[in-house]
Each structure stands twice: as C-alpha cells, then as structure tokens.
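This report concerns only the one structure given below.
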Amino acid sequence: MTFQVSAGERLLITGASGCGKSTLARCLVGLIPHLYNGKFDGQVCVNGQRTDSTPLWQLSEHAGMVLQNTQAQMLASTVEDEIAFGLENLGLPRAEIEMRIQASLDRFGLQPYRTHDPRRLSGGEGQRVMLAAMLARRTPLLVLDEPLSMLDPTAARDLVNHLSELARQGSAVVVCEHRAHYFHDAGAFREYPLTSTSDGLARNEMTLAPMRHGSDFDLTVASLSVHFGQRCVLDHIALDFASGQIVALVGVNGSGKTTLLRSLSGLQRHDGVVRVSDGSSPDLGLVYQNPDLQLFNPTVREEILFRVTHPDDALYRWLLSNLGLARYESHSPLLLSEGEKKRLCLAMVLMHQPRHGVLLDEPTLGQDDAHRLMLGRTVQGLADAGRLVIVATHDLAWAAHYATRMLVLDGGKIIAQGAPQVVLRDAPLWQRIHLHIPDWIWEPIT
C-alpha cells in the first residue's frame, strides 16, 4: 500500500476485524519494526524521518499513538502522573506541563479522577485517560487505534469533534475504527479501507450453536451494593431476570456496568443477594472487557478447551467456524487482533456451557458489522436454548436490534428499564444523564 497524510488532514482507516489496521497503525509511529518481530518491507516517513532507521525516542517527538488496549499503555499510579509522563519526557517547562495537564483533565472530564489510579477506573474512563495523555503532547502526527471502542456515545461524539479541531490546528490525525458513523457525521475524514482474506465467516449460513437446552429459571438480585473505599459504585440494585432474555446494560462511562457483571458472576465482593429460583448458585460465564486478562494458554485450541473435562467436539467445531477462529487454531491467542481475542474469550465461555447463561462486557469491541451480526445471532441462539444473556455495551445500535430488555444504569442505580425501542426513544431520560443517542442506531446491521 502507498498513501500520504499531510498536516491538517484527517484519515479514517476501516476494514474487517483482523485485516491489519492495528499493524498499520504501529508501522506509522515506528513501533513496527522497532518493538515487534516480523518482516518489514517498504518505508514509512514521519516529518521526513524514516521510522526504521530513526530511534523511537526521536520519533515520539513527531508521532504519538493511543493503543486499542489502553491498559497496556498505562505507566503511572495516578491520572495526573500519566498525563505528565509524556510531557516531562519532552522536556517541557514545569509551567507548560501544569497548564497542559489541567487542560487535558478538563477536556476529557477527568478532574474528579486526578489522583486516582488509572488502572482502577472503568474501561471507558481509562481510555479517556490515555487519550488525554497522548493529546496533551500535541505531536504533529496523532494515530489512534479504535479510540471510540469503550466510550459512551456522548464521549465518542465529543472526541471526534476534538480530533477535527486538532486537525484544523495543523495536526495530521489517523484513526483506525469500526464505529465509522461518528466520523461520517463529522465530515472531512478521508476514508481508506483495508481488505483481507476471509476468516471463513459466512453471514448467511450461520447455524445455531449445538448447546443443550436449559431448564427455565429466574435470577433475583436484591439490595446489591458495592463500595470501593468510600465510593459507592452500586447502590442497592434490585432486579429480576428470566431465562431466555437478552438484556442490554447501558449507561455513561463509569456508571457501574462492569462492576454489576462481575457481581453477578461472583467475581466481585458485594452486599445483598444474587440467587436462582431453583436454589442453586448462579452459573454465569463472564467474557471480560479486556480479553488479555482472560488469555494465558499457548494456542487457541488449548484456550478453548482449558479445563473442559468432556469436550463436545460438535460444539468446539461450531465455535471455531462461526466465530471466525478456524484458521487460528494452532496460533498463540496473544497474536490475534483485539476483536479476534474477544471472540476467542466468548468461545472459551460457551465451550463450558454455563447452565444459566453468559455475561458479556463490551462484546462488539473490535468487531466489524459481519461479526456484530454473528454475535447477535449467537446470543439469540443462546436465549432460544433457555440461557440468560446480559450485555454491558455502548453499542446502542447493536442493543436496539438484539436486546429484548434494556437497563439504564447511572450513578450506581437503575434509573430506567424496558423494551429498547421504548427506552431509547425517551429523550428526557438521555438528556438528564447527558447521553447522546445517534439517529443511525436504528439502521439495520448487515
């Protein structure tokens, strides 16, 4: 491939999951070939400097990148220090550093978290921290890999507008992103699609997962509360779920969605009760927001079959084929793209056939439309098999099409619930919590 991005230009790179967007982004800032193994042909020049022959510390003065997995980029123990780190490495005067820190905290709504550990924030809040840290450096070239993936709709819209403003001030902005609607709305982003060989996903030939049909049940949540120190994250949550439901859990970044999923799965200590109507303990498989926290086996095959005492070969083969993982069976999971890792984690959970259902934290992260469609059909199949599916998501378009029930979480409390078609059209509700609902969420997923 050959292309050029000049000062003040905005380039949106799109393409199917696993087509090479992240690899290209790493090439643009010199992480490839300096930090990653592999064969590197051709050349990339940033401000006239070849990335393959210029040290990374020199390139960092001209190009900055926000990784898709922002936790892998965090170095400091406080939000303030995370933003300051790159500025101090640039040798800026203390007064300039303080000014930029303050401006970044204000711009990304991070002032209340100034002294917090960024690794203890929600996924979306952590993403805003790394965006604030990188944008504060004001490099001539800014490369962002899936920067909207964990942001709520309002934060996503605001970031796109901010990137447009940076371009108008002279920065070159390159974004790799599946959520292209936000950039289409903003206009002036030139699009560059990447193509790849098919992963074997046949969107019109998907079959239902060969899973055993479960017994009907109800799941009751009573007075569920979680505190982190003095901070109340969940406040006396009371809910009833039924088998066969697909529940979308939505809300702004930091509203408590991930904490609620962890509590339901038994991984998070909490007050209150989570019980199943048949008297048994809940058996709910959890797919994490950050897939790297769930992967540790040497191959995809071993990851899916880990601690499965009597593997169902038909289910295993279905998972490989329908989740687009067949060609990676003998590969290391950590070499997959972020979207492929998310699908691998889903395969791991489904291989264990949890009795009551699955909990999915941002499952469409890193997924193109074909895989979002695949995910929708998969959860519909799980619901048809009598499982409960609860999905924490900022992908309101996906939720509008596949969820049978929507819960809106704000400030640790459920403030609204009902059918997605009704809840999403409650304009006063979304205005009250400052969450933007784009018109295009009703467009079909194809």
Side-chain angles (χ1 to χ4, degrees), residues 3 5-6 8-17 19 21 25 66 68 107-109 123-124 127-128 130-132 134-135 142-194 248 250-253 339 362 364-373 376 393-403 406 408 420-421 423-446:
F3 65 86
V5 184
S6 302
E9 277 197 276
R10 288 164 274 183
L11 179 64
L12 173 63
I13 298 174
T14 60
S17 177
C19 70
K21 297 186 298 297
V66 178
Q68 186 172 8
R107 177 66 190 78
F108 288 93
Q127 195 164 36
R128 294 199 332 249
M130 294 315 304
L131 288 165
M134 190 56 63
L135 269 61
L142 181 63
V143 180
L144 304 102
D145 192 4
E146 298 278 356
L148 310 185
S149 59
M150 288 183 278
L151 298 182
D152 63 57
T154 298
R157 180 194 59 184
D158 290 348
L159 175 61
V160 172
N161 291 337
H162 185 54
L163 294 176
S164 296
E165 179 59 30
L166 288 176
R168 284 191 287 269
Q169 294 171 6
S171 295
V173 178
V174 179
V175 181
C176 301
E177 182 61 66
H178 286 296
R179 298 168 73 181
H181 279 93
Y182 288 97
F183 297 92
H184 296 161
D185 290 347
F189 274 85
R190 177 164 57 97
E191 191 164 347
Y192 187 95
L194 293 184
V250 304
V252 299
N253 291 129
E362 296 291 353
T364 63
L365 186 155
Q367 310 301 330
D368 55 49
D369 282 348
H371 289 98
R372 290 168 70 231
L373 178 66
T393 185
H394 291 302
D395 190 341
L396 299 182
W398 188 92
H401 286 84
Y402 295 109
M406 179 170 284
V408 183
Q421 293 77 10
V423 174
L424 286 169
R425 288 188 168 95
D426 185 352
L429 166 68
W430 305 108
Q431 290 171 2
R432 189 165 71 249
I433 63 174
H434 308 291
L435 197 61
H436 170 67
I437 306 297
D439 293 336
W440 44 258
I441 65 169
W442 305 108
E443 295 178 7
I445 298 174
T446 58

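Predicted model only: the values in this text are computed from it and were never measured.
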What closest approach, in Å, do Ala248 and Ala399 show between heavy atoms, and which atom pair accounts for it?
CB-CB, 3.7 Å
Quick one: list whatever passes ring pair (Phe, Tyr, Trp, His ring centres under 6.0 Å) with His401, sequence neighbours left out.
none
With the side chain counted from C-beta on, respond yes when Glu362 and Gln367 share a heavy-atom pair under 4.5 Å apart, and no when they do not.
no
Side chain to side chain contact (heavy atoms under 4.5 Å, CB included) between Thr393 and Val250, intermediate numbers included
CA-CA 6 Å; Thr393 185; Val250 304; 4.3 Å; yes
If only side-chain N and O atoms count, and only distance matters, is there a donor-acceptor pair under 3.5 Å linking Ser149 with Gln127?
yes
Is the terminal nitrogen or CZ of Arg425 (NZ for Lys, CZ for Arg) located under 6.0 angstrom from the six-membered ring centre of Trp430 and within 45° of that ring's axis?
no
Given 3.5 Å as the limit, does a donor-acceptor pair link the side chain of Ser17 with the main chain of Gly339, or not?
no
Side chains of Leu12 and Arg190: does their closest heavy-atom pair fall under 4.5 Å?
no
Cation-pi between Arg128 and Phe108: NZ/CZ under 6.0 Å from ring centre and within 45° of the ring axis?
no
To the nearest 0.5 Å, tell me how far Thr364 OG1 sits from Tyr402 OH.
11.0 Å
Please walk me through it: do Glu146 and Val66 pass side chain to side chain contact (heavy atoms under 4.5 Å, CB included)?
CA-CA 9 Å; Glu146 298 278 356; Val66 178; over 6 Å; no
Does Glu9 use its side chain to pair, donor to acceptor, with the backbone of Ala167 at less than 3.5 Å?
no
Among Asp152, Asn253, Thr154, whose side-chain hydrogen bond (donor to acceptor under 3.5 Å, both in side chains) with His394 holds?
Asn253
For Ala186 versus Ser164, what's the shortest heavy-atom pair and its separation?
CB-OG, 4.2 Å
Trp442 and Gln421 have their tightest heavy-atom pair at CH2-CA, 3.9 Å
Rounded distance (nearest 0.5 Å) linking atom CG of Leu142 with atom CE of Met134
7.5 Å
Spell out, as yes or no, whether a donor-acceptor pair under 3.5 Å connects the side chain of Asp368 to the backbone of His178.
no
Any donor-acceptor pair under 3.5 Å from Glu165 side chain to Leu163 backbone:
no
Over all heavy atoms of both residues, which pair between Ile445 and Ala397 is shortest? Give the atoms and the distance, please.
CD1-O, 4.1 Å
Taken in chain and number order and not counting sequence neighbours, the residues that satisfy salt bridge (Lys or Arg N to Asp or Glu O under 4.0 Å) with Asp145 are none
Considering only heavy atoms from C-beta outward, does the side chain of Leu151 approach that of Asp158 to under 4.5 Å?
no
Any side-chain heavy-atom pair from Leu424 and Ile437 closer than 4.5 angstrom?
yes
Check: Lys21 side chain, Val175 main-chain N or O, donor-acceptor pair, under 3.5 Å
no
Report yes if the side chains of Leu396 and Trp398 come closer than 4.5 Å at any heavy-atom pair, otherwise no.
no
Applying salt bridge (Lys or Arg N to Asp or Glu O under 4.0 Å), can you list everything that pairs with Arg372, at least two apart in sequence or on another chain?
Asp369, Asp395
If you measure from CD on Gln431 to NE2 on His436, what distance do you get to the nearest 0.5 Å?
12.0 Å
To the closest 0.5 Å, what do you measure between CG (Leu148) and CZ (Arg157)?
12.5 Å
Between Trp440 and His181, how do the two ring planes meet: parallel, tilted or perpendicular, split at 30° and 60°?
parallel
Chi angles and distances behind the side chain to side chain contact (heavy atoms under 4.5 Å, CB included) call for Val408, Ile433
CA-CA 10 Å; Val408 183; Ile433 63 174; 4.0 Å; yes
Keeping the roles fixed (side chain from Glu177, backbone from Thr14), state whether a donor-acceptor pair exists under 3.5 Å.
no
Determine the minimum heavy-atom distance between Leu159 and Leu131, stating which atoms define it.
CD2-CD1, 3.6 Å
Could you tell me the separation between the CD atom of Gln68 and the CG atom of Leu365, rounded to the nearest 0.5 Å?
6.0 Å
